[in-house]
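Reviewing the structure listed below.
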Amino acid sequence: METENNKGHFIESIIRDDIANNKNKGKITTRFPPEPNGYLHIGHAKSICLNFNMAGKFNGKCNLRFDDSNPAKEKQVYIDSIQSTVNWLGFEFGSPYYASDYFDRLYTFALELIKKDKAYVCSLTPDEIREYRGTLTEPGKNSPFRDRTVEENLDLFSRMKAGEFEEGLHTLRAKIDMASPNINLRDPIIYRVKKASHPRTGNKWCIYPMYDFTHSLSDALEGITHSLCSLEFEDHRPLYDWILDVLDTPCHPQQIEFARLNINYTVLSKRKLQRLVEEGHVDGWDDPRLPTLEGIRRRGYTPESIRKFCELIGVSRKESRVDMGLLESCLRDDLNERAPRVMAVLRPLKIIIENYPEGMTETLEAANHPQKEEMGKRPITFSREIYIEQDDFMEDPPKKFFRLGPGREVRLRYAYLVTCKEVVKDENGNVTELICTYDPATKGGNTPDGRKVKGTLHWVNANDCLDAAVRLYDRLFKDENPEQDKQDFIENLNPASLEELKDCKLEKSLEQVLPEKVYQFERMGYFCLDSKDSTPDHPVFNRTVTLKDTWAKLSG
RNA sequence: UGGGGCGUCGUCAAGCGGUAAGACACAGGGUUUUGAUCCCUGCAUCCAGAGGUUCGAAUCCUCUCGCCCCAGCCA
């Protein structure tokens with residue numbers, strides 16, 4: 001799949017060089033460090049693939065580590081969901097790691113910092129801290145508590161840990177430089193009091209380490225060699241390095257930043273996704289319209305297609321917005337290979353074949369995949385009454401329309417050639433039924449006389465089919481970039497992102513299928529059983545993705 | 001008008017001083033019992049702009065322009 005001399009993206013180049021120079025003894029260890037405060041989305045998939053693939057490619061290891069240092073936002077459900085999602089994507093991580101498992105060691109590191117006079121307990125209020133921090137263009141000023149003695153700091157910090165102080169009264173701050181042009185270096189807070197119960201450590205702690213402190217040290221403790229993160233952490237790298245330089249740590253991982261993923265016609269920020277769910281614009285975190293991995297999975301996306309997508313988009317430092325069409329293309333590519341073909345009529349129009357014997361039923365053979373004989377064949381039944389797609393008939397068709405019309409002949413896939421003899425309408429002039437004739441010589445859809453038929457339609461036997469509901473999904477937003485400032489992205493929601501068809505007729509073989517198994521409804525797209533709302537009595541199918549549709553493009 | 005980044009085809013993205021890969025999209029054509037798949041073909045004389053260095057620059061230098069990130073006791 002990849003050429004031998006392909007050097008890969010810039011991170012891969014760095015890793016190759018490091019291995020060539022025997023840095024870290026030639027070992028590679030990466031990590032995927034989600035905070036368990038939400039569900040994973042396709043943007044996380046990029047990071048997951050990057051980290052696991054780099055480790056895999058160079059005989060290394062990738063840790064799944066929960067960055068759980070803020071109990072106010074984190075929950076066990078997210079921890080569970082994240083693990084199963086990473087596994088579903090196809091990556092093995094053994095047992096997960098938790099930053100919370102390092103709380104004791106992190107506390108000891110904080111003590112070390114204090115003893116080295118590189119940290120102090122600050123008793124400014126939150127407002128004062130902000131004030132003292134300065135602005136983007138003005139330097140900050142030193143906290144009046146900056147010169148507390150080591151003893152005093154040790155005492156105060158241990159009392160913070162003991163729970164003697166309420167939230168907001170004291171913080172532990174790194175003593176760096178209040179005049180630094182990099183705001184992250186203006187004595188960043190590294191510990192705060194938070195009297196919250198933690199999903200894993202319960203009430204053991206009432207002080208919790210901040211991200212920069214936790215992350216750099218967790219990386220070092222795990223022997224991470226390459227700490228890959230997104231661009232917005234670039235400004236944090238000096239702090240990451242400062243912490244690891246000042247403290248006596250097992251190693252000093254290299255932080256490398258890359259651009260996070262953006263995709264058009266959707267949003268990929270936890271906050272925005274959360275709003276969509278909480279305000280009820282979608283039906284939960286696993287709504288098939290959402291770019292969450294649980295949503296995408298329910299929709300019918302395969303892990304393989306997501307991994308392929310992540311490979312194709314590349315890794316760079318340029319902020320970009322990838323075309324949703326590429327994701328869909330990866331999906332179709334994969335589904336085209338593995339999805340069995342089947343026939344289903346979504347908007348039924350009844351056809352009566354007047355010269356076909358009443359009460360007769362024939363069993364015909366249909367291929368499960370036109371290009372893959374090994375996928376076998378299945379029986380389908382045919383009778384006097386069948387359904388075809390409403391869109392496959394036009395009373396007054398344009399010349400380029402080669403489906404059914406009055407007097408026209410088409411092929412019913414795997415069955416017979418039929419000709420439309422009569423159009424039956426109701427009192428409002430709506431077409432309700434078609435009377436056709438069939439040519440017995442064309443069984444199987446063959447034309448022994450060699451005559452050409454342009455159109456081949458899918459159909460379902462009216463006397464031997466399954467009733468089902470089918471959900472047609474479209475993009476969630478109308479605009480390519482729903483996050484444009486000025487307007488609220490909610491206003492950009494596509495009102496037609498979900499259309500539910502309730503009177504669909506499916507071929508009988510679909511009777512006992514499992515969710516996540518995707519089928520191609522020939523000429524209609526790829527579909528799978530919904531994992532949540534489907535019941536044996538009332539099956540519900542989701543449209544995973546449409547087929548490429550040249551005709552739709554031509555006909556507007 | 002503080003600091004840190006980024007600007008190569010419509011969208012991603014290779015390229016690392018030797019004369020613009022690839023993918024998606026798009027446009028033509030062929031095959032086809034899915035207007036699907038598959039198969040051909042085309043698609044940046046040009047790399048944000050302007051100067052400069054060089055035999056030679058998207059690649060080096062200078063300046064200009066544009067966009068993104070940072071002032072949570074979030075990560």
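As a basis for the values below, the full set of heavy atoms in this structure was taken, side chains included, without hydrogen atoms, waters or symmetry mates. Protein chains get the first letters and strands the later ones, always in sequence-line order, with residue 1 at the start of each. These figures come from a predicted structure and were not determined experimentally.
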Report the relative orientation of the aromatic rings in [X] and [Y]; use parallel for angles under 30°, tilted for 30 to 60°, perpendicular for over 60°.
X	Y	result
A:W551	A:F402	tilted
A:Y39	A:Y78	perpendicular
A:F103	A:H198	perpendicular

Report the distance from atom [atom1] of [X] to atom [atom2] of [N], rounded to the nearest whole Å.
X	N	atom1	atom2	value
A:E131	B:G72	CD	P	12 Å
A:L228	B:A75	CG	P	20 Å
A:D323	B:A25	CG	P	8 Å
A:L239	B:C69	CG	P	21 Å
A:R332	B:A23	CZ	P	18 Å
A:L185	B:G4	CG	C1'	12 Å

Return the minimal non-hydrogen interatomic distance between A:Y120 and A:S143, and the atom names on each side.
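Heavy atoms only, the tightest pair is OH-CB, 3.8 Å.
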Measure from the side chain of [X], starting at C-beta and using heavy atoms only, and say which of [options] lies closest.
X	options	value
A:P126	B:A75, B:C73, B:G4	B:C73
A:R317	B:C6, B:C74, B:G2	B:C6
A:D333	B:U8, B:C38, B:G35	B:C38
A:F233	B:A71, B:A36, B:A75	B:A75
A:R192	B:C74, B:A71, B:C68	B:C74
A:W551	B:C69, B:A36, B:G35	B:G35

Could you tell me how far [M] sits from [N] if I compare only their [atom1] atoms? Round to whole Å.
N	M	atom1	value
B:A25	B:U11	C1'	7 Å
B:G51	B:C69	C1'	30 Å
B:G15	B:C46	C1'	14 Å
B:A50	B:A58	C1'	16 Å
B:G49	B:G7	C1'	11 Å
B:C63	B:G18	C1'	27 Å
B:U34	B:A44	P	34 Å

With a 3.5 angstrom cut-off on both distances, give the Watson-Crick or G-U wobble partner of [N], or none if there isn't one.
N	answer
B:C67	B:G5
B:A23	B:U11
B:U45	none

Between [N] and [X], is there an OP1 or OP2 to side-chain N/O distance shorter than 4.0 Å?
X	N	result
A:R130	B:G72	yes
A:K372	B:U37	no
A:K318	B:C68	no
A:K194	B:C74	yes
A:T456	B:U32	no
A:S316	B:A13	yes

May I ask you to check whether A:R31 and A:H215 show a side-chain donor-acceptor distance below 3.5 Å?
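Present: a donor and an acceptor within the cut-off.
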How is [X] classified with respect to the nucleic acid when contacts are heavy atoms under 4.0 Å: base, sugar-phosphate, or nothing?
X	result
A:L124	base
A:P370	base
A:K270	nothing
A:Y191	nothing
A:S123	nothing
A:M343	nothing
A:I129	base
A:F401	base
A:N336	sugar-phosphate
A:Y414	base
A:V315	sugar-phosphate
A:E328	nothing
A:N446	base
A:K443	nothing

With syn defined as a glycosidic angle within 90 degrees of 0 and anti as anything else, the base of B:G49 is anti
Are there over 12 heavy-atom neighbours, none belonging to A:K454, within less than 6.0 Å of that residue's NZ?
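Open.
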More than 12 heavy atoms of other groups within 6.0 Å of A:R271 CZ
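Not buried by this count: 12 neighbours or fewer within 6.0 Å.
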Pair of N/O donor and acceptor under 3.5 Å linking B:U11 base with A:R321 side chain
no
Let me know, please, whether A:P181 or A:L326 comes out on the 5' side of the other along RNA chain B by nearest nucleotide.
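Nearest-nucleotide comparison on RNA chain B picks A:P181.
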Comparing A:G325 with A:H236, nearest RNA chain B nucleotide closer to 5' gives the residue A:G325
A:Y211 stacking on B:A75: centroids under 5.5 Å, ring planes under 30°?
no
